[in-house]
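Computed from a prediction, not measured in an experiment: that's the story for all the values here.
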Amino acid sequence: MATNGTGSHATTLPKAKDLRHHLSPEAVARRPSPLKTAFKYAIDPRIVSLGGGLPLPAYFPFETISATAPAAPFTDYNDPELSANAPIVEVEVDRYNRNQEPGMIPLATAMQYGQSDGCKPLLQWISEHTATVHHPPYSNWGCLMTVGNTQGWDAALRLLTSRGDTILAEEYTFSSAMEAAHAQGVRSVPVKVDLEGILAEKLDEQLTNWQGSKPKLLYTIPTGQNPTGGTLSPERRKAVYDVLSKHDIIIVEDEPYYFLQMDAYAPGTSATKLPSPPTAEQEPEKYNKFLSKLVTSYLSLDVDGRVLRLDSFSKVMAPGTRLGWIVAQDPFIERLTRQNEVSIQTPAGFSQAIVYSLLSKWGQNGYLDWLIELRKEYTHRRNVCLDALDKFFVQPSAHAPAGLTEVVEWKEPTAGMFFWLKLDARKHPLYGQLTPLQLENRIYEAAIEHGILFIPGSWFRADQDPVDETVKPADDEEVSVFFRGTFATVPQDKLIEGVKLFAEVIAKEFLS
């Protein structure tokens, strides 16, 4: 199995289309670093190397690093009454691994120069994980380590775009991603969405009628979308993919929330703790059942090889690991490796060593156990949030005797960390005197004054011009105001309190 741009996967699968015409001039111009090409000789035990500028590992001031983590299958991991006695695994990485412990990247290797695509054992582990979950439908794909999806996106921009180019993104999208594009002189154009995600027919119409050079790529967060919380169905993903294949446009699939998928919401369930998932012994098909419930990724549909998938440990382990990876066809991975050689070099050796050792202790199925447990925990938090929304926005209350359903609507998130509130600006007593964007700012400031922070929807607009900072309202923003909230960050009692406080603000603004 390939772990980088030099290998191959199942030989019965076809190769990806040759899409190197999408490479930017910068990407095409990159040459292998001469020093990196000589590294293969520096690590050959038959050769005495006086050519590399590698510090002697004996002078690394780290003999061992260690960590303690929960052990699979993580039953009742977050139950305060039970977790104190839960089994743990001890992870330790030493300088040379003289005892030849399996599942270890020695510090002498992890902390050294030379592995611009990532430490090989971790890269192999991630490739196996990718094959298990996504089954890419072509043979010549590979993975490359990144410093998380933010850096992965920056690398994708440099790979595929140049100053003056245009990209597509959901109407509302991760604002930092757009800032990265705008800083490189790349213009972002919004694609029409509903509360689930991209509307394929609108996208096709937009591209068919496009004037001038077509967009270089679509940037999309299709699962647990940030900020809307929407998740695009497999059928709609296939429709979007077909449109982009028809118009020969690359897809950058940013999926940090992919494994935070949830079952459908059942009202009134937040008071009950969700049961722990069965063990593999209790349910032999446990892992296949979990994987079958995951929404189809664009990578799984990618018969052309036009998807760059950005994956990360940030939301399923910790953001501070600063570890992610890109999955793409081999020619793209090779160009990205050249970019890593002269930019990040490689992700932090500490993170790669400790994360790989933990994953090796867990195993592929143990990691799936961890993801299954996260699914349970985030489902419960989502349920708490939606029950609170129902209680304070739908049910009659002292601040809103008839509820607030004439003012506010939302779609239950089935993945991710966010929920998206849509307010009917026409119901505000100052509508007409103030624009929806002015009303949005008024509500935002009133909420801060009342002790609650929600993020205004206009901050996530995809079409804020990199030169002219005036926000251009979408059609829907002529009559609507949007706010993003999260159910992931605070304790559950604070989550309920926060929803209540925001409901009080909305009631005061709209009903006074």
Closest contact, heavy atoms only, Leu323 versus Pro347: CD2-CB, 3.5 Å

Verdict with reasoning, Leu359 to Met317, per side-chain contact (heavy atoms from CB on, under 4.5 Å): CA-CA 11 Å; Leu359 292 173; Met317 282 193 180; 3.6 Å; yes

Atom of Glu334, atom of Arg338 and distance for their closest heavy-atom approach: OE2-NH1, 2.8 Å

Check: Arg237/Thr223 side-chain N/O donor and acceptor closer than 3.5 Å: yes

Worked verdict on Ser233 versus Glu196 for side-chain contact (heavy atoms from CB on, under 4.5 Å): CA-CA 8 Å; Ser233 68; Glu196 185 177 318; 3.3 Å; yes

Sub-4.5 Å side-chain heavy-atom contact between Ile250 and Leu218: no

Trp153 ring center near Phe174 ring center (under 6.0 Å): no

Candidate pair Val91 and Ile354, rule side-chain contact (heavy atoms from CB on, under 4.5 Å), full reasoning: CA-CA 7 Å; Val91 176; Ile354 205 73; 3.7 Å; yes

Exam field: side chain Glu373 to backbone Trp370, donor-acceptor pair closer than 3.5 Å: no

cation_pi(Arg95, Phe60) dist<6.0 Å, angle<=45: no

Derivation of the side-chain contact (heavy atoms from CB on, under 4.5 Å) call for Trp325 and Met145: CA-CA 4 Å; Trp325 61 98; Met145 299 300 298; 4.2 Å; yes

Straight-line distance of Leu358 CG to Tyr367 OH, nearest 0.5 Å: 10.0 Å

Minimum heavy-atom distance Gly224-Thr231, with the two atoms named: N-OG1, 3.0 Å

Gln352 (side chain) donor-acceptor with Cys119 (main chain) under 3.5 angstrom: yes

Distance flag, aromatic centroids of Phe454 and Phe482, threshold under 6.0 Å: no

Centroid-centroid under 6.0 Å between Trp459 and Phe483 rings: no

Residue pair Lys15 / Ser139: nearest heavy atoms and the distance that separates them: CG-OG, 3.6 Å

Within-4.5 Å side-chain heavy-atom neighbours: Val307 and Val327: no

Aromatic ring pairing Phe350/Phe62, orientation class (parallel under 30°, perpendicular over 60°, tilted between): perpendicular

Heavy-atom donor-acceptor pair, Ser300 side chain to His134 backbone, under 3.5 Å: yes

Polar contact flag, side-chain donor to acceptor under 3.5 angstrom, Glu341-Gln345: no

Thr161 side chain near Leu217 side chain, heavy-atom distance below 4.5 Å: yes

side-chain contact (heavy atoms from CB on, under 4.5 Å) partner of Tyr356, the single match among Leu123, Ile105, Ile126: Ile105

Test side-chain contact (heavy atoms from CB on, under 4.5 Å) applied to His450 - qualifying residues, sequence neighbours left out: Leu501, Glu504, Val505

Heavy atoms of other groups near Lys315 NZ, more than 12 under 6.0 Å: yes

Heavy-atom check, side chain of Ser162 versus side chain of Glu26, under 4.5 Å: no

Side-chain heavy atoms of Leu294 within contact of Leu291, under 4.5 Å: yes

Nearest-0.5 Å distance, CG of residue Asn383 to CG of residue Asp390: 12.0 Å

Main-chain N/O of Pro234 paired with Thr296 side-chain donor or acceptor, under 3.5 Å: no

Approximate separation, where rounding is to 0.5 Å, of Leu495 CG and Thr486 OG1: 8.5 Å

Close side-chain approach of Tyr444 and Leu453, heavy atoms under 4.5 Å: yes

Flag, side chain of Tyr138 to backbone of Gln329, donor-acceptor distance under 3.5 Å: yes

Parallel, tilted or perpendicular: rings of Phe290 and Phe259 (30°, 60°): parallel

Side-chain (Gln339) to main-chain (Ile344) donor-acceptor, under 3.5 angstrom: no

From CA spacing to verdict: salt bridge (charged side-chain N to carboxylate O under 4.0 Å, His left out), Lys494, Glu497: CA-CA 5 Å; Lys494 293 293 185 181; Glu497 179 186 357; 3.6 Å; yes

Side-chain H-bond candidate by donor/acceptor type, Tyr172 with Asn226, under 3.5 Å: no

Asp154/Arg158 under salt bridge (charged side-chain N to carboxylate O under 4.0 Å, His left out): CA gap, chis, key distance, verdict: CA-CA 6 Å; Asp154 181 77; Arg158 295 188 176 279; 3.6 Å; yes

Reported CG-to-CZ distance for the pair Asn140 and Phe332, which is rounded to 0.5 angstrom: 10.5 Å

Side chain Thr64, main chain Val93, donor-acceptor under 3.5 Å: no

Flag, side chain of Thr173 to backbone of Glu170, donor-acceptor distance under 3.5 Å: no

Smallest separation among heavy atoms of Asp369 and Ala72, with atom names: OD2-CB, 3.9 Å

Flag, side chain of Arg484 to backbone of Phe418, donor-acceptor distance under 3.5 Å: no

Whether over 12 other heavy atoms sit under 6.0 Å from Tyr113 OH: no

Euclidean distance, Ile326 CD1 relative to Asp117 CG, rounded to 0.5 Å: 12.0 Å

Cation-pi, Tyr258 ring and Arg309 (6.0 angstrom, 45 degrees): yes

Non-hydrogen side-chain atoms of Leu260 and Met417 separated by less than 4.5 Å: yes

For Thr321 against Ala318, the heavy-atom pair lying closest together: OG1-O, 2.9 Å

Worked verdict on Glu377 versus Arg381 for salt bridge (charged side-chain N to carboxylate O under 4.0 Å, His left out): CA-CA 6 Å; Glu377 294 298 325; Arg381 298 185 67 84; over 6 Å; no

Under 3.5 Å: donor-acceptor pair, side chain of Thr228, backbone of Trp420: no

Between Trp362 and Phe74, ring centroids under 6.0 Å: yes

Any Arg236 side-chain heavy atom under 4.5 Å of Pro222 side chain: no

Spatial distance of atom CD (Gln151) from atom OG (Ser343) [nearest 0.5 Å]: 6.0 Å

